[in-house]
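Every value quoted in this text rests on a predicted model; they were computed, and no experiment measured them.
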Amino acid sequence: MSTQLQEKITASQQVIKKTLKKYPNSSAVAWTGGKDSTVLLHMIRSVHQKSLPIMFIDTKLHFSETIAFVKKMESDWNLNLIIASDESGYKKYQKTRRKKDRKELARMMKVNAIDQSINKYKWQALFVGIRWDEHPARAAEKYVSLRSDHVRIHPILHFTEQDIWAYIRQFKLPYNPLYDQGYRSLGEKEFTKPVPDKTQPERAGREKDKEKIMERLRSLGYF
Amino acid sequence: MANTKPPSPKILLIGLDGATWKILKPWIKSGQLPWFKKISQHAEWYQGTLQSTTPPLTGPAWTSFQTGVNPGKHGVFDFIKYSPSGTNEPVSSTDIPYPPIWKILSQAGKRSIIVNMPMTYPPQKGGKHIVVSSLMTPPGRKYTNNSAVYKKLQAIHYQVDLEHVTFGSPEESVNNRHQIYHEAQTVAKKRYQAVKTLLNEPWDLFFVLFKATDIVQHLYFNQTNTLKLYQQIETYITSIISIASRQSGNELAVFMCSDHGFHRGETHAFSIFRWLETQGYGYSPQPSLVFRSLQSGYRVAKYLIPAVAKQPAIQQTKKTRLDKQNLAHVRNQRQKSQAWPTPYGLHINNQTITDELLKKLRSLKFNNKKLFKKVSLREDVYHGPNTHQAPHIVFTPNPWVKIIANESQTTMWKKLTTNFAGTHTADFNGILMCKLPTPHPPITKSVHQITDIAPTILDIFKIRIPPHIDGSSILNKQRQKNSYTAIISQDLEILEAL
């Protein structure tokens, strides 16, 4: 492993340890089944022996491969998985025809599912696997992001896409098979396309107008 | 009761495009630039080096200057964006995803006036800032985001850039260099008049760039005409500082910076396009039959019926058809090649050849002299979400060689008989001079990065430096980089305090 990657891991672990020291019994991890949050999950497990709650938001709009991967990981890693969802949002989504509106509803389903889980489980710290280099809208993110009722912790902000894959290779982590089909960033099946051209940005497969509202998403709580 | 709140400083930034100590120091020492000599002997004036971006070009360098981030984040690697689809489009201000310093200041309630900052066209509205755009402003277009300011500048016949002469290829420019020189002087004078007008507006940060220094150094390098231009600009600078000082008293910080260095013009041209071709990486088809027919058809028409051929509508049709054919030709080249070049790097279609290309480029020699100072993978030079837009391999040529990245040169090597007297493809060392309101922490380093200026401005105004900024304030006592480790330390302190 390169020294640079090792330094990055150490820095991330420092953030994780300090958070868990501060909130030993009220921390949770947001896991999407994607590569970034899987790396984060592995990193947390490597420094913390206790089983933390792992929140997976099921919008019912995921790829079947993502759901299968989540189930397999739950079993293989013995995860304390909490499935969060927004049923009323999904009903509205089903009745909606315009793609633009469906997309907005899909976004709100995620925001609502997080809010409901935070309220229900009284989590004070939520670990989220976002990275600065994913998109400029994330460039101003902090490691510790204060919200009205909890704090978001972003331990892998400084990881690049290459670092993530180097970590996955180094620790032989399982990953979602969709990445081998040309997907580089995973979202809802309806709004995500493969990015076979490596010269395109990582999130190019997600529809462009989605990127335009990234910043707004962040402020509303969607990670 | 006396008001004990310390007065808020003002910051005056003066850009001298392409200014280098290499040219300036002998003139300062000999007293030919008397004001520069005076301040160089004054302890309150700091002098150092400001390192440019890779490549050391006006476009990426001033974009890093204004945003504080490396090109891997702001995505500007040249004046233009090269695309595999064959297009080469100019970069506009809307292409830059990170906020320039004046937007961050605006959010903190500070007012900025920005005159002639490159890559600011179209000038963006929405804040406490007046922006007067720079080169890349299409002729005749509104060059500022403020209508009242536009009227005032129109009244003094403000000129964004050279309008009456073309500063283009070396052959064209060298032949017209006297005209270019005189117009560059005129533009500098108009810029100074604009600054005097705009200094009457309220401001906390004032920036002006004198671009003429770069143009004239290209034409004359360190000859007398360049000295004369610096002497002209020296009088403008002293006048601008004097006005700004009267407005701010002792609370004025002054910075003079350049975006890159300069060196003598190259003696040889190396066609990396032809090199890729001979090495079997490039694909260089003959122009299509349609393209050739169009070209020869127009030539015949021009000879037989010159009056008709000169009609604007015919000219426009010809241009449109040829442009379309040329685009298809370049697209074909770029998409079918294993690797295709830009003047500063190689885009690679076949990733398996990356290592072998790196090795070959690093060992390329001519007359026992290495061609490249540095050849790197883009990931080793840049970081950030726009790194993917850079060429996969990034190179810096040695100062004696000019890299030709298109098919214009038919041979791999060419000795240059007509070329610019000076250029800057291989000189990263710009200048930095500053005078800060006292007291201030000592500046302990002599070399700074161009990304350090934006955070230094924030530091002087006591505004938190956003974590996305790559540079660090030159006033930071611990010399701690604004790296992720520094940001983690700050953020963990916040966590502890919760």
Side-chain angles (χ1 to χ4, degrees), chain A residues 2 4 7-23 27 124-125 131-147 150-163 165-166 184-185 195 197-204 211-212 214-215, chain B residues 67-70 72-75 81-85 95-99 103-104 107 334-335 340 347-351 354 377-380 382-392 464-470 481-498:
Chain A
S2 74
Q4 202 189 18
E7 283 170 1
K8 287 185 175 182
I9 295 170
T10 307
S12 298
Q13 288 174 334
Q14 187 195 1
V15 176
I16 295 165
K17 283 179 192 167
K18 290 265 184 186
T19 305
L20 291 173
K21 193 177 170 195
K22 177 100 183 169
Y23 302 110
S27 296
Q124 288 180 285
R131 295 182 289 109
W132 278 324
D133 88 336
E134 266 179 283
H135 191 275
R138 289 186 168 168
E141 269 302 340
K142 297 168 188 167
Y143 287 88
V144 176
S145 176
L146 307 181
R147 307 299 163 104
H150 70 289
V151 56
R152 294 277 170 92
I153 305 293
H154 305 137
I156 59 166
L157 266 185
H158 51 285
F159 271 57
T160 63
E161 187 186 10
Q162 283 189 322
D163 293 332
W165 284 112
R184 287 174 68 194
S185 178
V195 191
D197 178 1
K198 293 279 182 187
T199 63
Q200 289 295 307
E202 189 179 350
R203 296 173 69 91
E211 300 303 346
K212 285 181 195 164
M214 278 266 313
E215 233 161 332
Chain B
T67 57
V69 303
N70 84 97
K73 286 185 180 170
H74 60 61
K81 298 173 281 183
Y82 300 92
S83 147
S85 62
D95 291 321
I96 302 167
Y98 288 82
K103 276 199 178 167
I104 299 172
Q107 284 164 2
R334 289 182 183 172
Q335 292 182 351
W340 55 274
H347 288 272
I348 298 173
N349 293 333
N350 174 4
Q351 302 294 318
T354 307
L377 282 175
R378 65 184 177 192
E379 287 77 11
D380 294 333
Y382 310 117
H383 61 95
N386 284 311
T387 300
H388 69 278
Q389 292 184 24
H392 295 81
R464 190 189 168 181
I465 299 168
H468 72 266
I469 285 188
D470 295 323
K481 184 108 188 70
N482 193 28
S483 65
Y484 67 84
T485 49
I487 298 166
I488 285 177
S489 304
Q490 287 170 21
D491 283 5
L492 287 181
E493 276 175 29
I494 293 170
L495 182 72
E496 285 291 317
L498 287 177

**Fill in**
Under 4.5 Å to a heavy atom of chain B? For A/K18 that would be both
**Fill in**
Bottom line for A/L146: the part with an atom under 4.5 Å from chain B's heavy atoms is side chain
**Item:** Minimum-distance pair of heavy atoms, taken over all atoms of B/N386 and B/H74
**Value:** ND2-C, 4.2 Å
**Message:** Check B/D491 with A/R152, please: is the shortest side-chain N to carboxylate O separation under 4.0 Å?
**Reply:** no
**Prompt:** Quick one: are A/F159 and A/S12 in side-chain contact, heavy atoms under 4.5 Å?
**Reply:** yes
**Item:** Structural part of A/Q162 lying under 4.5 Å from a heavy atom of chain B
**Value:** side chain
**Fill in**
The interface call for A/K21 against chain B, heavy-atom contacts under 4.5 Å, is neither
**Message:** Just verifying a value: how many Å separate B/Y382 OH and B/Q389 CD, rounded to the nearest 0.5 Å?
**Reply:** 11.5 Å
